[in-house]
Amino acid sequence: MGGNDAPLPMSSDDRPTTRDAAAPRYDHTEVDPRWQQRWDDDGVFRAERRPGREKRYVLDMFPYPSGAGLHVGHPEGYTATDILSRFWRMKGFDVLHPMGWDAFGLPAEQHAIETGTHPAQTTHKNIATFRRQLKMLGFSYDWSREVDTTDPGYVKWTQWIFLQLFQRGLAYQDEVSVNWCSALGTVLSNEEVVDGLSERGHHPVVRTPLRQWMLRITAYADRLLEDLSLVDWPDGTLTAQRNWIGRSEGAEIKFAVDGHGGADVAVFTTRPDTLLGVTYVVLAPEHPLVAKITTPAHKAAVDEYVARSARRSDRDRTAVVKDKTGAPTGALAVHPFTGEKVPIWVADYVLGGYGTGAVMAVPGHDERDFAFAKAFDLPIVEVVSPDGALHGALEEAFVDDGISVRSGEFSGLTTADCMKAVIRRLAEVGRGGSVVSYKLRDWVFSRQRYWGEPIPIYFPVDLEDPNGDPRKGAKHVVRFDQPIPVEAHELPLRLPDLVDFRPGDDPAGPLARAVDWRYFQKDGRWYARETNTMPQWAGSCWYYLRFLDPRNADEAFSPEAYDAWMNVDLYVGGAEHAVLHLLYARFWHKVLFDIGRVKHPEPFRKLVHQGMILGEDNEKMSKSRGNVVNPDDIVKAYGADVLRLYEMFMGPLEAVKPWQKAQIQGVVRFRDRLWAVCGRDAVDGIDEETRRIVHKTIRKVTRDVEAMAFNTAISAMMVLVNHLTALPELPREAACALVLLVAPFAPHVAEELWLKLGHPTSLALEPWPTWDEALCVEDVVEMAVQVNGKVRGKVRLSRTAGEDEAREAALAAEGVAAFTAGKAVRKLIYVPGKIVNLVVG
RNA sequence: GCCGAAGUGGCGGAAUGGCAGACGCGGCGGACUCAAAAUCCGCUACUCGAAAGAGUUUGUGGGUUCGAGUCCCACCUUCGGUACCA
């Protein structure tokens with residue numbers, strides 16, 4: 001099945017053939033590694049700035065080096081960026097095209113728990129596999145800039161950036177409600193909790209507050225939203241980021257609690273105009289006022305309800321939209337305008353983490369409040385009318401804008417006017433005002449894990465016995481309220497070597513057991529290091545900056561290196577990172593902007609997501625489905641160029657598309673035909689038609705590469721190969737242009753052909769071919785003749801033919817007369833070179 | 001539900017408002033071969049027709065236009081994301 005089978009013995013040495021004497025097949029097992037070695041030896045792809053040149057920074061989302069090795073999904077985006085990198089080099093740009101490893105993460109730690117192998121060891125092995133696989137595909141990375149997020153030389157600067165955040169008050173500690181599973185001794189994500197039990201092992205999970213490090217990304221919410229206008233990103237991704245930030249304008253309104261002097265329930269609403277329609281107020285179960293205001297008669301039921309909610313994960317709480325649950329507190333809220341008293345309820349349809357954790361319920365004009373009011377038989381009042389008239393009992397909530405009714409002085413106002421009027425009045429009576437709320441929450445930045453960057457913070461330790469040693473179990477208290485940053489010159493703070501990576505019964509994580517690492521004495525006082533580590537996102541937040549200056553030991557990157565390459569001109573990666581990674585990286589970038597380390601407000605100018613490659617069964621590739629394709633197998637059988645060409649020929653880069661083994665044959669043939677036709681003896685001189693096709697192909701391929709329409713570029717090159725194959729002789733001019741065009745896509749076969757065409761040096765820096773527009777056009781073209789919009793005939797006409805000539809030719813065209821006979825031509829549409837349309841009747 | 005993307009031959013897909021189906025896979029026929037594979041050449045949307053030819057066709061229904069896969073309106077389906085955000 002391979003393309004390099006030895007030819008079978010032939011009975012005759014001069015069998016007739018349309019080809020030149022049987023040229024040897026393209027032997028990828030010999031040619032591919034030879035060129036890869038040569039590029040490496042000659043440092044062809046080392047990124048360097050030269051005076052007078054423009055630059056391009058072409059970035060891939062770097063991979064997590066998993067134990068499974070490279071997946072066919074990886075080379076899709078990587079081939080796309082490699083084509084552009086090679087193309088831009090040939091166009092004379094200085095190109096920075098780096099690769100590295102996002103190497104912290106859970107799988108290596110899980111593997112360590114199961115086998116005792118240190119995660120660093122697993123990671124190094126996996127990286128070696130990934131590096132080998134990427135090199136075998138012939139990507140033109142500048143390997144001298146390779147970075148690894150787990151390398152102490154990298155961790156140092158990740159920690160340094162954390163300290164910048166800490167010093168600016170953007171990193172802080174807070175008690176956060178997490179999913180704690182005591183049986184597994186670990187904190188679980190929402191996805192890992194099903195029906196209150198751990199997905200693994202089905203152990204009970206409770207929501208419990210745990211001390212966590214937080215990053216104040218909300219302080220940047222507005223800038224993260226506004227600066228989206230500065231980037232060239234897919235619409236869907238921009239929308240996803242906007243929705244995630246979730247800015248909404250509204251009002252905060254204070255309701256006094258009856259009988260609790262001074263206690264207010266603040267609510268957030270986007271519809272202050274419906275204030276007169278409030279029939280009850282709802283607190284989230286975790287709202288601090290719940291315990292305070294619940295009356296003795298309702299205490300037992302409310303406590304029970306709050307406890308029940310705590311057992312449900314966020315996911316479960318939000319899963320069932322229909323069934324509303326809740327409990328009355330017995331307390332009453334005082335309406336800020338009317339003084340009317342409405343009941344205060346606790347219900348988990350109100351989220352503790354959004355707005356103020358409390359809402360004013362307007363069942364007439366909010367679907368959720370309506371459902372709740374129906375469930376608990378609470379009054380529903382119409383205060384916004386579509387037409388200004390009063391209506392009786394509402395069948396459903398009316399949530400659109402309209403005219404305010406039953407709203408006293410505000411009646412008759414439109415929704416927009418009423419909102420303004422209510423907000424003005426709220427300010428007058430000191431019960432609230434307009435406010436902007438965000439869905440975006442601060443970022444929980446700590447993990448109770450081993451294999452991550454240690455957070456470079458320590459805390460004083462208070463010992464019961466001043467001579468005690470906390471490492472030996474002396475009773476002590478860690479003063480988490482007094483965090484102290486590690487001195488910059490002491491970075492990196494390295495992970496201790498552990499042999500046991502299992503999580504313990506202590507939510508502080510495995511590092512808590514490394515007592516010799518954790519506790520240390522300074523000036524006679526004991527201190528304890530932070531035992532939480534950073535999440536995997538941390539390293540990927542700034543790796544694009546480290547690529548600028550990856551070996552710098554004195555700073556994360558130098559200003560010179562920054563100016564030389566930033567910012568990122570093209571960033572390619574999966575849409576699964578549309579929100580989190582890209583938002584976190586933008587956030588860190590803006591912090592670095594504020595401290596003057598970077599000069600662009602946004603790091604990634606243009607972003608493209610490659611579409612997922614599905615298995616042959618049209619399902620997501622996965623081990624369990626057994627539909628995974630291994631790039632090693634494809635390269636072994638057909639060579640690197642075929643895998644690259646196939647993945648680009650499958651369809652548009654952004655589209656989701658299934659792997660189809662049979663289709664590979666098409667690009668194998670293309671590669672072999674290219675090899676065969678360009679391997680013939682080239683002659684000088686070229687016929688007109690061939691020259692036109694060559695120029696048109698150069699134009700098409702150039703434009704398609706710039707537009708990242710690689711599938712159609714390959715198709716155009718196939719057309720040229722097919723044309724050249726049919727020629728009796730190979731024009732050198734055509735062969736050279738074709739080989740250069742192919743080079744970014746299939747660099748190995750292109751280099752080898754370039755050599756055979758008589759060029760001793762690599763084509764990697766050869767100028768990209770140019771086309772002459774005048775040579776692309778044909779003077780006489782065949783055009784369709786339509787009668788009343790239907791094609792009835794063909795006509796050969798000069799592009800410069802006038803309208804009269806066109807009319808005459810069209811009427812005379814074969815097959816047209818039958819449809820025009822006896823009818824008058826009422827109108828003639830003539831688009832030179834395109835169409836003649838006779839409108840008759 | 002909301003947001004986003006997409007619906008075109010047997011299949012992957014191509015078409016600045018101007019001959020729908022480029023290119024490729026597969027299929028059919030032919031050349032080469034003792035034969036097969038590989039390779040090369042030709043044909044290949046559907047219906048009716050012996051053929052010439054005619055008609056139909058880009059998820060559905062309307063509309064704009066001399067002309068619509070492409071633009072507008074309404075709807076259906078699939079995929080991806082999101083989930084009571086007040």
Side-chain angles (χ1 to χ4, degrees), chain A residues 3 5 7-8 10-11 15-19 22 25 234-240 242-244 246 248 250 267-271 274 282 314-315 317-322 324 347-351 353-356 358-362 365-369 371-372 437-441 575-576 578-579 611-612 614 618 646 649-652 654-667 669-670 672-673 676 709 711-712 714-719 722 725-726 782-794 815 818 826-829 831 833-840:
Chain A
D5 297 344
L8 291 170
M10 272 182 262
S11 52
R15 52 186 269 248
T17 163
T18 56
R19 332 214 47 84
R25 279 288 189 85
D235 281 344
T237 303
L238 294 174
T239 306
R242 288 194 189 104
N243 290 345
W244 191 265
S248 63
V267 303
F268 173 74
T269 178
T270 53
R271 291 293 299 273
T274 62
V282 192
D314 276 346
R315 173 169 277 220
R317 271 178 66 174
T318 58
V320 182
V321 178
K322 283 178 192 158
K324 295 280 186 281
D348 66 4
Y349 81 90
V350 174
L351 305 176
Y354 181 73
T356 59
V359 304
M360 59 178 216
V362 186
H365 306 284
D366 181 280
E367 282 168 15
R368 298 151 301 188
D369 297 341
F372 190 82
S437 186
Y438 297 91
K439 235 165 96 174
L440 182 67
R441 302 193 208 168
E576 65 273 22
V579 176
M612 206 192 326
L614 305 175
N618 247 297
Y646 173 61
F649 189 62
M650 291 173 82
E654 298 87 341
V656 176
K657 40 211 178 281
W659 184 269
Q660 289 185 291
K661 194 175 167 203
Q663 289 274 344
I664 295 174
Q665 211 45 242
V667 291
R669 283 192 194 124
F670 169 64
D672 289 344
R673 283 162 70 97
N711 55 332
T712 49
I714 292 169
S715 153
M717 293 187 283
M718 285 173 167
V719 172
N722 292 347
T725 300
E782 188 176 72
M783 290 166 51
V785 177
Q786 296 183 339
V787 179
N788 290 345
K790 275 188 190 287
V791 179
R792 299 299 182 183
K794 302 278 161 80
R826 290 198 317 206
K827 195 170 171 187
L828 175 81
I829 313 284
V831 183
K834 297 279 188 194
I835 204 153
V836 188
N837 188 6
L838 302 162
V839 183
V840 301

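Sequence lines set the chain letters: A, B, ... in the order given, protein chains first and strands last, and positions in each chain run from 1.
- Checked against B:A86, B:C25, B:C19, the side chain of A:Q665 finds its nearest nucleotide in B:C25.
- On the P atoms, B:G69 is 15 Å away from B:G63, given to the nearest whole Å.
- Note on A:T237: nothing from the nucleic acid sits closer than 4.0 angstrom, heavy atoms only.
- Using P as the reference atom, B:G61 and B:U70 are 13 Å apart when rounded to the nearest Å.
- As judged by a 4.0 angstrom heavy-atom cut-off over every strand, A:R826 is placed among residues making no nucleic acid contact.
- Among the heavy atoms of the strands lying under 4.0 Å from A:R792 are primed sugar atoms or P, OP1, OP2 only; no base atom is included.
- Here, B:U39 and B:C25 have their P atoms 9 Å apart, quoted to the whole Å.
- Protein atom CD of A:Q660 is 8 Å distant from nucleotide atom C1' of B:C25, rounded to whole Å.
- Contacts of A:P652 with the nucleic acid, taken as non-hydrogen atoms under 4.0 Å apart, involve only primed sugar atoms and P, OP1 or OP2.
- Nucleotides B:G27 and B:A36 are separated by 16 Å at their P atoms, to the nearest Å.
- Taking atom C1' in both B:C73 and B:G55, the straight-line distance is 30 Å, to the nearest Å.
- Formation of a donor-acceptor pair under 3.5 Å by the A:Y354 side chain with backbone atoms of A:S437 is not found in this model.
- With rounding to the nearest 0.5 Å, the separation of CZ in A:F649 from CD1 in A:I664 is 12.5 Å.
- Residue-level contact check: A:N711 touches the backbone only, with heavy atoms under 4.0 Å from sugar-phosphate atoms and none from bases.
- Counting non-hydrogen atoms under 4.0 angstrom, A:Q663 reaches a base of the nucleic acid.
- The NZ atom of A:K790 sits 8 Å away from the C1' atom of B:G55 (whole-angstrom rounding).
- Taking atom C1' on both nucleotides, B:G26 is separated from B:G13 by 14 Å, rounded to a whole Å.
- Between the side chain of A:K324 and the base of B:C84 there is at least one donor-acceptor pair of N/O atoms closer than 3.5 Å.
- Taking atom C1' on both B:G21 and B:U8, the two are 8 Å apart, rounded to the nearest angstrom.
- Comparing B:C3, B:C19, B:A86 by their closest approach to the side chain of A:T239 singles out B:C3.
- Here the side chain of A:Y349 is nearest to one of B:A86, B:C19, B:C84, namely B:C84.
- With hydrogens and angles ignored, the 3.5 Å screen pairs a side-chain donor or acceptor of A:N837 with a backbone N or O of A:G789.
- Proximity note for A:V359 (side chain, C-beta onward) versus B:A86, B:G13, B:C23: the nearest is B:A86.
- Atoms OH (A:Y354) and P (B:C84) sit 12 Å apart, rounded to a whole Å.
- Taking the C1' atom of each, B:U44 and B:G24 are spaced 14 Å apart, rounded to whole Å.
- Considering only side-chain atoms of A:R673, the nucleotide from B:G18, B:C41, B:A86 that sits closest is B:C41.
- Contact annotation for A:K794: base contact, defined as any heavy-atom pair under 4.0 Å involving a base atom.
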